[in-house]
S.K.: 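This is the structure I want to talk about, given as structure tokens.
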Amino acid sequence: MPELPEVQTIIDDLADKITGKRIVEIDLITPSVWRDGIPQPELLLGTKIKNFERAGKHILIHLSNKNTIIIHLKMTGKLTVNKHHDPISKHTHLVIKFARDELRFNDVRRFGYLDCIESSQLSKVEYLARLGPDSLKIPADEFIRLIRSRKRTIKSLLLDQEVIAGLGNIYSDEALFAARIDPSRSAGGISTARLKKLHGCILAILQAAIKARGSSVSNYVDGSGKRGDFQKYHKVYGRSGQPCVRCGTSIKKRIISGRSSHFCSRCQR
DNA sequence: GACAACCTGACC
DNA sequence: GGTCAGGTTGTC
């Protein structure tokens, strides 16, 4: 999926393109994309797009009628703004139409979902309430406190959205490389100084990735349907077998915490 | 912590 | 044919 930088890029694009627009029609092609059932059409029709918010990797679209659409793109979900006459793709599941253009939800693997609830009830949405602090906003001392003296591998903690929200497989691997930490290390054995460094690396990489409009490894595109550029700057993700940019050692790939992890066995300890 | 499940498509 | 994929959840 889109991780934090990709979700942020999409949100910024959508905010530019459709804020203030009135929903005039909805084309629900795949009803099952609504996680908890199809919302009453009158909940959406005639209302305006008020503003956008990101909660970890979730996208929140606040509507002027005090309802909020929550979207999770999972692995292959896309949200794009299209002209009415743009050809519809095989995997477009929902189209929210405005007078002059439309928002399309597309998802090849159909892992992604949407939800619609009253904005005042957002704090009661369990999967949002469980999210840890945002990885772009968490202060260093809080990060260290959450990670320190845990037995689990550092990689699994970074991936755990209840510990810290926003990182996925790409940016966890890239941040651990930057901080020179072996992804399979138990978090408890890592020094406070090194965790502080990791915190700084996470921030720097996420910011650089947002600036580059995200990583397009395969499916990801922004709100205009364009690919991101940050994959060009990946130092370990997707580079197994290639030389480490720091020491030349061949980048390894190993399953850690159920996800393939890319790292340099010489630089990362 | 390991694994399967949810799906489709790309690639070997 | 088999393996793998920016995620998450539920089961042993």
S.K.: Using Watson-Crick pairs (N1 to N3, plus N6-O4 or O6-N4) and G-U wobble pairs, both distances under 3.5 Å, which stems of at least 3 pairs involve DNA chain C?
M.R.: B:1-6 with C:7-12, B:8-12 with C:1-5
S.K.: For A:Gln161 and C:dG7, is the shortest distance between a side-chain N/O and OP1 or OP2 below 4.0 Å?
M.R.: no
S.K.: Which is it for A:Asp182 and A:Arg269 under the salt bridge (charged side-chain N to carboxylate O under 4.0 Å, His left out) test, yes or no, and what are the steps along the way?
M.R.: CA-CA 5 Å; A:Asp182 180 337; A:Arg269 298 299 171 107; over 6 Å; no
S.K.: Under 4.0 Å, heavy atom to any atom of DNA chain C: which of residues 149-158 of chain A qualify?
M.R.: none
S.K.: Taking the side chain of A:His72 as heavy atoms from C-beta outward, which of C:dT9, C:dT8, C:dA5 is closest to it?
M.R.: C:dT8
S.K.: When the nearest nucleotide of DNA chain C is assigned to A:Tyr113 and to A:His262 on a heavy-atom basis, which residue is associated with the more 5' position?
M.R.: A:His262
S.K.: Any chance the side chains of A:Lys155 and A:Asn169 put a donor and an acceptor closer than 3.5 Å?
M.R.: yes
S.K.: Whole angstrom is fine here: how far is it from CD1 in A:Ile71 over to P in C:dT8?
M.R.: 15 Å
S.K.: Find the distance A:Glu162:CD to C:dG10:P and express it as a whole number of Å.
M.R.: 10 Å
S.K.: Between A:Glu53 and A:His62, do the side chains contain an N or O donor and an N or O acceptor separated by less than 3.5 Å?
M.R.: yes
S.K.: Where the side chain of A:Asn169 is concerned, which of C:dG7, C:dC4, C:dT9 is the nearest nucleotide?
M.R.: C:dG7
S.K.: Write down the distance between CG (A:Asn219) and C1' (B:dA10), rounded to a whole number of angstrom.
M.R.: 10 Å
S.K.: Does one side chain, of A:Ser184 or A:Thr153, offer a donor that lies under 3.5 Å from an acceptor on the other?
M.R.: no
S.K.: Which nucleotides of nucleotides 2-7 of chain B have their base under 4.0 Å from a protein heavy atom (B), which only their sugar-phosphate (S), and which neither (-), written as one string 5' to 3'?
M.R.: ----BB
S.K.: C:dG7 P sits how many Å from A:Ile10 CD1, rounded?
M.R.: 13 Å
S.K.: Categorize A:Tyr171 for me: base, sugar-phosphate, or nothing, with a 4.0 angstrom heavy-atom threshold over every strand shown.
M.R.: nothing
S.K.: Between A:Thr76 and A:Asn219, is there a side-chain donor-acceptor contact under 3.5 Å, judged purely by atom types and distance?
M.R.: no
S.K.: Does the structure place the NZ or CZ of A:Arg239 under 6.0 Å from the centre of the six-membered ring of A:Phe177, at an angle of no more than 45° from the ring's axis?
M.R.: no
S.K.: Taking the same atom, C1', in B:dC6 and in C:dG1, what whole-Å distance lies between them?
M.R.: 22 Å
S.K.: It should be established whether A:Lys253 places a side-chain nitrogen or oxygen under 4.0 Å from OP1 or OP2 of nucleotide C:dA5.
M.R.: yes
S.K.: Select base, sugar-phosphate, or nothing to describe what A:Asp107 touches, counting heavy atoms under 4.0 Å on all strands.
M.R.: nothing
S.K.: With rounding to the closest Å, how many angstrom separate the P atoms on C:dG10 and B:dC7?
M.R.: 15 Å
S.K.: To the nearest angstrom, how far is A:Ile59 atom CD1 from C:dG7 atom C1'?
M.R.: 14 Å
S.K.: Taking CG from A:Leu159 and C1' from C:dG7, how many angstroms apart are they, rounded to a whole number?
M.R.: 10 Å
S.K.: Please tell me which of the listed nucleotides, C:dT9, C:dA5, B:dG9, lies nearest to the side chain of A:Lys90?
M.R.: B:dG9
S.K.: So, using side-chain contact (heavy atoms from CB on, under 4.5 Å) as the criterion, who are the partners of A:Thr30 when residues are at least two apart?
M.R.: A:Ser32, A:Val33, A:His93, A:Arg110
S.K.: Return the value, rounded to whole Å, for the distance between atom CG of A:Asp160 and atom C1' of C:dG7.
M.R.: 12 Å
S.K.: Can you list the residues that meet the side-chain contact (heavy atoms from CB on, under 4.5 Å) rule with A:Tyr233, with sequence neighbours excluded?
M.R.: A:Phe230
S.K.: With distance as the sole criterion, is a donor-acceptor pair present between the side chains of A:Asp222 and A:Thr9 under 3.5 Å?
M.R.: no
S.K.: Assign the ring pair A:His199 / A:Phe143 to parallel, tilted or perpendicular, where the plane angle (0 to 90°) is split at 30° and 60°.
M.R.: tilted
S.K.: For A:Leu114 and C:dG7, what is the distance between atoms CG and P respectively, to the nearest whole Å?
M.R.: 19 Å
S.K.: Quick one: on DNA chain C, does A:Tyr127 or A:Tyr237 contact a more 5' nucleotide (nearest heavy atom)?
M.R.: A:Tyr237
S.K.: Can you tell me if A:His58 touches the phosphate of C:dG7, counting only side-chain N or O atoms and a distance under 4.0 Å to OP1 or OP2?
M.R.: no
S.K.: Could you pull out every donor-acceptor pair under 3.5 Å between side chains of residues 128-140 of chain A and any protein atom, sequence neighbours left out?
M.R.:
residue, atom, partner, partner atom, Å
A:Arg130, NE, A:Glu162, OE2, 3.3
A:Arg130, NH1, A:Glu126, OE2, 3.3
A:Asp134, OD1, A:Arg54, NH1, 2.6
A:Asp134, OD1, A:Arg54, NH2, 3.2
A:Asp134, OD2, A:Arg54, NH2, 3.1
A:Asp134, OD2, A:Leu136, N, 3.0
A:Ser135, OG, A:Ala165, O, 2.5

S.K.: Evaluate the side-chain proximity of A:Leu103 to A:Lys17: yes if any heavy-atom separation is below 4.5 Å, no if none is.
M.R.: no
S.K.: Check the angle between the aromatic planes of A:Tyr237 and A:His262 and answer parallel, tilted or perpendicular using the 30° and 60° thresholds.
M.R.: tilted
